[in-house]
Amino acid sequence: MENLKEILATPKQIGLLLGAGVSKACGLPNIEDITKLAIAGITNANFIKILDDKDTVENILNKTQQLRILLKSGKEINSLKEQDILDIEKAIKKIIFDELSIEIDTDNFYKLVLWLNFINRDYEKEIFTLNYDLLVEKALEKASLPYFSGFIGNVKPFFITDSVDDFQGVYVKQSWVKLWKLHGSLNFVKDISDKIYIDNSGIESAENLLIYPSMDKYLSSRKAPYISYLDRLRKYLIDKEKIVFVLGYSFGDDHINEVIVNGLNNNHRLSVIAFAYDDFTFKQGIGLLGSYPNFSIYTNKKKYSNRRESIFNSTSNIGDFNNLISLIDEITFSKPIAPEPKIIPKP
């Protein structure tokens with residue numbers, strides 16, 4: 001525990017990779033929850049028949065996109081037409097938008113970004129998130145911390161690919177927090193001319209969301225944010241000495257896993273420290289990255305470090321995002337104030 005406390009309290013270059021578990025800990029649904037709601041919202045019985053029991057919302061959207069390609073020009077498969085698939089996609093996107101747009105307390109995210117800004121005060125600050133919600137943005141704005149996500153403008157901020165590759169501060173100051181949303185965001189939209197921009201009005205977003213957790217984000221043009229963000233993560237992990245904290249991620253995205261493995265293989269000054277809410281994620285992390293001495297993972301009463309598992313003495317499950325924030329808050333912002341020395345009057 002003392003070693004972890006020292007890492008959390010000592011200024012150094014630290015990056016964050018956030019998964020759905022952190023949003024779930026704050027009260028938002030995760031992929032499993034969204035999947036159940038999406039399936040319940042699909043009324044087309046012919047489409048339901050082609051789903052598997054293990055399909056997530058990502059798999060479902062993969063299938064809709066494949067079917068859209070096959071059903072163009074009036075074709076029909078199993079009584080499914082192109083318009084049927086478009087209606088299903090629209091319904092799923094609306095469910096995602098409605099469920100992740102609810103207002104919740106972001107106090108723990110607020111503490112997280114304050115800590116990141118403090119610990120990285122002499123270094124670049126970068127957050128990579130797999131979540132579509134706006135919890136990080138709200139926390140950064142609550143803390144009055146400037147941040148940048150590759151979009152530039154005011155009325156309709158538009159995406160510039162080159163800005164994501166900017167490590168020299170050409171587009172934005174290096175002191176700003178860089179926020180890269182690897183799976184897209186609730187407020188990313190694309191107009192009929194394929195121009196990508198941010199829309200916070202909520203009027204068009206439910207229909208034009210760029211939050212496809214599917215193959216489309218990786219097969220589309222390199223101008224799309226997804227490829228640019230993934231490239232940024234790859235370059236970030238192989239450059240310089242740094243620690244990357246992995247929070248709320250269950251190692252279920254092959255694209256992200258490949259990038260992490262590449263970083264550990266090619267940058268021996270990189271340390272990856274993961275926090276697993278449950279034993280399943282703990283074992284997933286070890287199975288994927290356990291052969292690297294610069295990988296560590298913590299869960300309830302257990303840790304894996306230097307290629308061996310051991311007991312972790314903690315009063316709570318450190319893999320729970322809320323418990324981790326409590327520890328950060330305790331050692332970073334709640335240090336007791338030393339009493340003033342007593343002044344002994346001269347005789």
Side-chain angles (χ1 to χ4, degrees), residues 16-42 51-64 89 91-110 112 127-139 179-188 205-206 209-215 217 226 229 245-257 260 274-285 287-288 297-300 316-325:
L16 298 178
L17 174 60
L18 308 180
V22 295
S23 296
K24 175 75 171 179
C26 294
L28 289 180
N30 59 15
I31 292 297
E32 288 76 16
D33 300 326
I34 292 291
T35 298
K36 291 177 182 177
L37 293 168
I39 292 174
I42 299 173
L51 299 181
D52 298 324
D53 292 339
K54 295 182 179 180
D55 274 344
T56 66
V57 69
E58 176 173 340
N59 303 130
I60 294 171
L61 288 174
N62 276 340
K63 290 180 178 180
T64 62
E89 281 191 346
I92 292 174
K93 288 187 284 184
K94 187 177 188 308
I95 288 170
I96 295 173
F97 184 84
D98 290 345
E99 291 298 321
L100 298 183
S101 296
I102 60 175
E103 290 294 326
I104 61 173
D105 179 23
T106 59
D107 192 48
N108 279 345
F109 266 99
Y110 172 70
L112 178 67
I127 301 174
F128 299 87
T129 176
L130 303 171
N131 302 329
Y132 320 128
D133 58 67
L134 304 177
L135 294 184
V136 179
E137 292 93 323
K138 291 178 180 179
L179 175 61
W180 313 120
K181 307 196 76 170
L182 296 162
H183 281 182
S185 181
L186 290 179
N187 57 359
F188 288 5
S205 298
L209 294 180
L210 279 179
I211 53 173
Y212 297 116
S214 60
M215 66 174 186
K217 63 178 178 284
Y226 311 112
Y229 289 165
F245 280 112
V246 179
L247 312 177
Y249 175 54
S250 58
F251 302 97
D253 188 316
D254 291 338
H255 298 90
I256 302 301
N257 294 342
I260 297 173
F275 295 88
Y277 180 76
D278 53 31
D279 199 54
F280 172 80
T281 303
F282 183 72
K283 292 178 180 177
Q284 286 280 99
L288 178 70
I297 187 167
Y298 295 80
T299 190
N300 189 25
S316 61
N317 181 3
I318 200 67
D320 185 313
F321 175 68
N322 294 322
N323 293 335
L324 178 63
I325 295 301

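- Going from atom NZ of Lys138 over to atom OG1 of Thr106 covers 7.5 Å, rounded to the nearest 0.5 Å.
- At most 12 non-hydrogen atoms from other residues, nucleotides or ligands lie less than 6.0 angstrom from OH of Tyr277.
- The two residues Asn187 and Ser185 make their nearest non-hydrogen contact at OD1-OG, 2.8 Å.
- By the 4.5 Å heavy-atom criterion applied to side chains, Asn30 and Ser23 are not counted as neighbours.
- Ile297 and Ala276 get closest at one heavy-atom pair: CD1-CB, 3.9 Å.
- Annotation: side chain of Ile39 is in contact with side chain of Ile60 (closest heavy-atom distance under 4.5 Å).
- What you find for Thr299 and Asp279 is that their closest heavy atoms are OG1-N, 4.5 Å.
- Side-chain contact between His255 and His183 is absent, with no heavy atoms from C-beta onward closer than 4.5 Å.
- By the 4.5 Å heavy-atom criterion applied to side chains, Leu51 and Lys63 are counted as neighbours.
- For the pair Leu37 and Val57, the minimum side-chain heavy-atom distance is 4.5 Å or more.
- The line from CH2 of Trp180 to CD1 of Ile127 is 11.5 Å long, rounded to the nearest 0.5 Å.
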* To do: Test Asn323 against Asn317 for side chain to side chain donor-acceptor pair (under 3.5 Å), laying out the working first.
  => CA-CA 7 Å; Asn323 293 335; Asn317 181 3; 5.7 Å; no
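- Proximity of Leu112 to Leu324: side-chain heavy atoms (C-beta onward) are nowhere separated by under 4.5 Å.
- A distance-only check finds a donor-acceptor pair linking the side chain of Asp278 to the backbone of Thr281 [under 3.5 Å].
- Note that CG of Leu186 is 9.5 Å distant from OH of Tyr132, once rounded to the nearest 0.5 Å.
- Between Thr129 and Leu179 the shortest side-chain heavy-atom distance falls below 4.5 Å.
- A salt bridge is absent between Lys24 and Glu32; no separation between the charged side-chain nitrogens and carboxylate oxygens falls under 4.0 Å.
- Checking side-chain atoms of Asp52 against main-chain N and O of Lys54 turns up no donor-acceptor pair under 3.5 Å.
- The minimum heavy-atom distance linking Tyr110 with Ala139 is given by the pair N-CB, 3.6 Å.
- Here the closest heavy-atom approach between residue Pro29 and residue Ile34 is recorded as CG-CD1, 3.8 Å.
- Under a cut-off of 6.0 angstrom, the local environment of NZ in Lys283 is sparse, with at most 12 non-hydrogen atoms contributed by other residues, nucleotides or ligands.
- Aromatic ring centres of Phe280 and Phe282 lie farther apart than the 6.0 Å criterion allows.
- Note that the CD1 atom of Ile318 and the CG atom of Asn300 stand 10.0 Å from one another [nearest 0.5 Å].
- No side-chain heavy atom of Glu58 sits under 4.5 Å from any side-chain heavy atom of Ile31.
- A donor-acceptor pair under 3.5 Å is formed between the side chain of Asn257 and the backbone N or O of Phe251.
- How far SG of Cys26 is from CG of Asp107: 9.5 Å, rounded to the nearest 0.5 Å.
- Within the model, atoms CG of Asn131 and CG of Leu28 stand 8.5 Å from one another, a figure rounded to the nearest 0.5 Å.
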* To do: Could you walk me through whether Leu16 and Val136 pass the side chain to side chain contact (heavy atoms under 4.5 Å, CB included) test, one step at a time?
  => CA-CA 11 Å; Leu16 298 178; Val136 179; over 6 Å; no
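- Taking the ring-ring contact (aromatic ring centres under 6.0 Å, His included) definition, one finds that Phe275 meets it with Phe245, Tyr298, sequence neighbours left out.
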